[in-house]
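What follows is a single structure, written as structure tokens, with notes after it.
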Amino acid sequence: MPSLRATRSLNDPWDWVRDGEELWHAPGIAGNPGPAALDGCAGRERPSPDSLERTGDYHLDASRARLYMRCPVNPAERGAEVAEEDFVIGPVEADHLVFSGLDLRLARTTVFQGWGGLGLVLRNCRLLFARDNLVQHNNHGGGLRLTGCLLAEWNLGNKRAYAVQAIDRSGPVDIEICRFEAVRSGGGDDHTDVMNDDRGWVRTVRGCAFLGRGGNLADEGVVLWRLHTGADEAVVASNLFIGLGGSAVEVQEPGFRGARPRIQVRGNRIEGAVLRGDLDKEALRVRGVEKGVEVTVIGNVIRDTPPSGNEHNGVELRSSTGVAIRGNRVSGAHHGLRLAGDTEGVVVEDNVLTGNRGYGLSAFPGSDAKLRGNRFSGNRRGRINGIARGVVAEPARPETPEAAPKPPRTPALPDCLAAGDQLP
């Protein structure tokens with residue numbers, strides 16, 4: 001793959017001064033650069049030269065305009081570089097562009113900035129190593145499609161940044177057969193993979209793998225929050241979520257800006273969500289669904305949401321109207337399904353809720369949910385709890401085994417990341 005980078009090369013031996021055993025510095029690195037790298041892979045930014053423990057660790061001393069780095073040889077021999085430009089590609093401000101088969105890495109802020117562009121395509125690309133976002137679509141941008149891409153190592157500045165973000169009345173964004181993975185990153189306020197931010201429109205997330213490396217992805221897999229007014233649909237379907245630090249999927253206040261979309265969360269497999277154990281997290285969340293917004297959660301398999309000091313449910317519904325939860329299988333959570341207050345016109349049917357630490361189904365008193373054909377077994381605290389009088393609970397229907405969605409075929413990590421935290 002041709003590799004495009006937003007970096008300044010430091011591959012001349014005279015670029016570096018030796019300070020001690022495996023400690024070097026490059027003078028004249030002023031301003032606020034982004035990640036520094038050896039062999040094309042960003043190292044870890046550390047707070048001082050004394051804290052550089054591993055090959056590739058670096059520290060920027062802004063007061064002296066020096067970049068310190070740990071390396072057993074002169075870093076120039078390892079192709080040292082530092083990200084000094086904001087973007088690898090962007091702002092685009094152009095329409096109907098296709099970027100195919102490219103390696104895009106190392107940006108001071110964002111690798112791909114689709115600023116106001118219409119009809120943009122990223123196909124079979126690798127997007128790696130950004131202080132902030134890997135892909136941001138904003139400023140009234142039109143359609144953006146990502147297909148067959150690998151997205152890894154974002155938010156290296158440890159603040160609030162995303163692998164893909166749609167914001168500022170931009171979209172629709174369609175993401176298919178992509179892979180999201182983090183090896184070293186995961187700090188800061190928010191580290192979500194796909195973020196439909198306020199007034200954005202993520203329309204499709206389908207056939208993707210979200211691999212959290214045991215919680216390295218510190219926040220959510222896919223968040224649909226406050227879609228922009230023109231959004232008429234959104235689908236999160238047939239994805240694989242493994243080992244995320246936060247929730248796998250969140251649908252929250254989708255109609256807050258006046259949109260009335262039809263939303264489906266369908267056929268996803270979620271294994272090991274909320275591994276960081278943070279307060280107020282669940283594997284799959286639906287909150288604040290307004291009247292006129294149609295949300296269906298159907299055919300998802302949710303397993304092994306682990307215990308912590310906080311309660312982490314498989315599916316949680318709160319402050320929502322007219323949501324349908326059908327044919328899901330939940331095991332190994334606190335409560336399998338939790339209806340938590342201010343729900344109206346909710347239908348819960350044909351779900352299999354087994355082997356959970358609390359109740360299979362827990363509902364806030366006063367819920368008017370219609371329960372039909374659900375099956376419960378092996379839950380530690382009983383079959384159903386907290387259902388108010390008047391709730392209709394029909395007998396369970398015969399159980400029909402459903403095949404779990406197959407893991408999608410997604411791009412592989414480059415060697416420097418697949419090896420884990422150590423640079424080659």
Side-chain angles (χ1 to χ4, degrees), residues 136-144 160 162 164-175 190 192-206 219-237 239 246-268 270 280-300 313-328 337-349 363-364 366-370:
Q136 186 181 68
H137 199 41
N138 63 6
N139 194 38
H140 300 242
L144 168 65
R160 180 176 295 175
Y162 313 100
V164 179
Q165 180 189 32
I167 193 171
D168 192 19
R169 288 164 281 185
S170 294
V173 175
D174 297 301
I175 306 168
D190 195 348
T192 292
D193 298 67
V194 177
M195 182 66 183
N196 186 120
D197 220 329
D198 195 10
R199 292 187 174 92
W201 181 12
V202 173
R203 180 171 60 184
T204 307
V205 183
R206 191 191 311 272
D219 255 278
E220 279 59 63
V222 177
V223 174
L224 304 179
W225 181 61
R226 296 187 177 182
L227 280 69
H228 79 56
T229 305
D232 57 11
E233 65 173 330
V235 177
V236 181
N239 301 290
S247 304
V249 181
E250 289 189 359
V251 178
Q252 191 154 331
E253 300 178 301
F256 186 86
R257 297 297 178 188
R260 292 296 177 261
R262 178 183 180 186
I263 298 175
Q264 284 199 357
V265 180
R266 182 180 71 241
N268 301 285
I270 301 170
D280 194 27
K281 296 283 185 180
E282 47 277 330
L284 198 160
R285 166 186 292 182
V286 180
R287 290 189 182 180
V289 176
E290 300 85 350
K291 290 183 179 179
V293 178
E294 181 181 335
V295 176
T296 304
V297 178
I298 182 169
N300 301 283
N313 302 315
V315 180
E316 183 167 302
L317 177 64
R318 185 188 297 268
S319 304
S320 294
T321 300
V323 176
I325 303 176
R326 297 190 173 100
N328 302 282
L337 169 59
R338 171 71 168 153
L339 307 181
D342 299 326
T343 57
E344 181 180 350
V346 173
V347 175
V348 179
E349 62 181 1
F364 193 84
S367 170
D368 69 342
K370 303 299 185 292

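All residue numbers in this chain count up from 1 along the given sequence.
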Using modelled atom types only, decide if a donor and an acceptor are shared between the side chain of [X] and the backbone of [Y] within a distance under 3.5 Å.
X      : Y      : answer
Glu290 : Gly255 : yes
Ser319 : Asp342 : no
Ser247 : Glu282 : yes
Ser320 : Gly288 : yes
Asn239 : Val205 : yes
Asn138 : Ile167 : no
Asp198 : Asp168 : no

Considering all heavy atoms, the nearest [X]-[Y] contact:
X      : Y      : answer
Ala283 : Gly314 : CB-O, 3.3 Å
Pro254 : Ala259 : O-CB, 4.1 Å
Leu227 : Ala234 : CD2-CB, 4.3 Å
Leu224 : Val202 : CD2-O, 3.9 Å
Trp201 : Ala166 : N-CB, 4.0 Å

* Asked: So among Gln136, His137, His228, which one has a side-chain contact (heavy atoms from CB on, under 4.5 Å) with Ser170?
  ->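 With Ser170 as partner, Gln136, His137, His228 yield a single side-chain contact (heavy atoms from CB on, under 4.5 Å), made by His137.
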
Non-hydrogen side-chain atoms of [X] and [Y] separated by less than 4.5 Å:
X      : Y      : answer
Thr296 : Val265 : no
Ile325 : Val347 : no
Val164 : Asp193 : no
Val194 : Asn196 : no
Asp368 : Glu344 : yes
Leu337 : Asn313 : no

_Applying side-chain contact (heavy atoms from CB on, under 4.5 Å) to Leu284 and Val249, what does each step give before you reach the verdict?_
CA-CA 5 Å; Leu284 198 160; Val249 181; 4.2 Å; yes

Ion pair [X]/[Y], N-O distance below 4.0 Å:
X      : Y      : answer
Arg260 : Asp232 : no
Arg203 : Asp174 : yes
Asp219 : Lys281 : yes
Arg262 : Glu294 : yes

First locate atom [atom1] of [X], then atom [atom2] of [Y], and finally report the distance between them rounded to the nearest 0.5 Å.
X      : Y      : atom1 : atom2 : answer
Leu317 : Leu339 : CG    : CG    : 5.5 Å
Arg266 : Asn328 : CZ    : CG    : 12.5 Å
Arg169 : Arg199 : CZ    : CZ    : 6.0 Å
Thr321 : Lys291 : OG1   : NZ    : 6.0 Å

Problem set entry | salt bridge (charged side-chain N to carboxylate O under 4.0 Å, His left out) partner of Glu316, the single match among Arg285, Arg338, Arg287 |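 So the option named by the test is Arg287.
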
message = Whether the Trp225 and Glu253 side chains hold a donor-acceptor pair (N or O, under 3.5 Å, no angle test) is what I'd like checked.
response =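 Their side chains do contain a donor-acceptor pair, which is all the 3.5 Å distance test asks for.
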
Check: Just by distance, with hydrogens left out, do Asp190 and Tyr162 show a side-chain donor and acceptor under 3.5 Å apart?
Finding: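 Side-chain D/A pair, Asp190 to Tyr162: present.
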
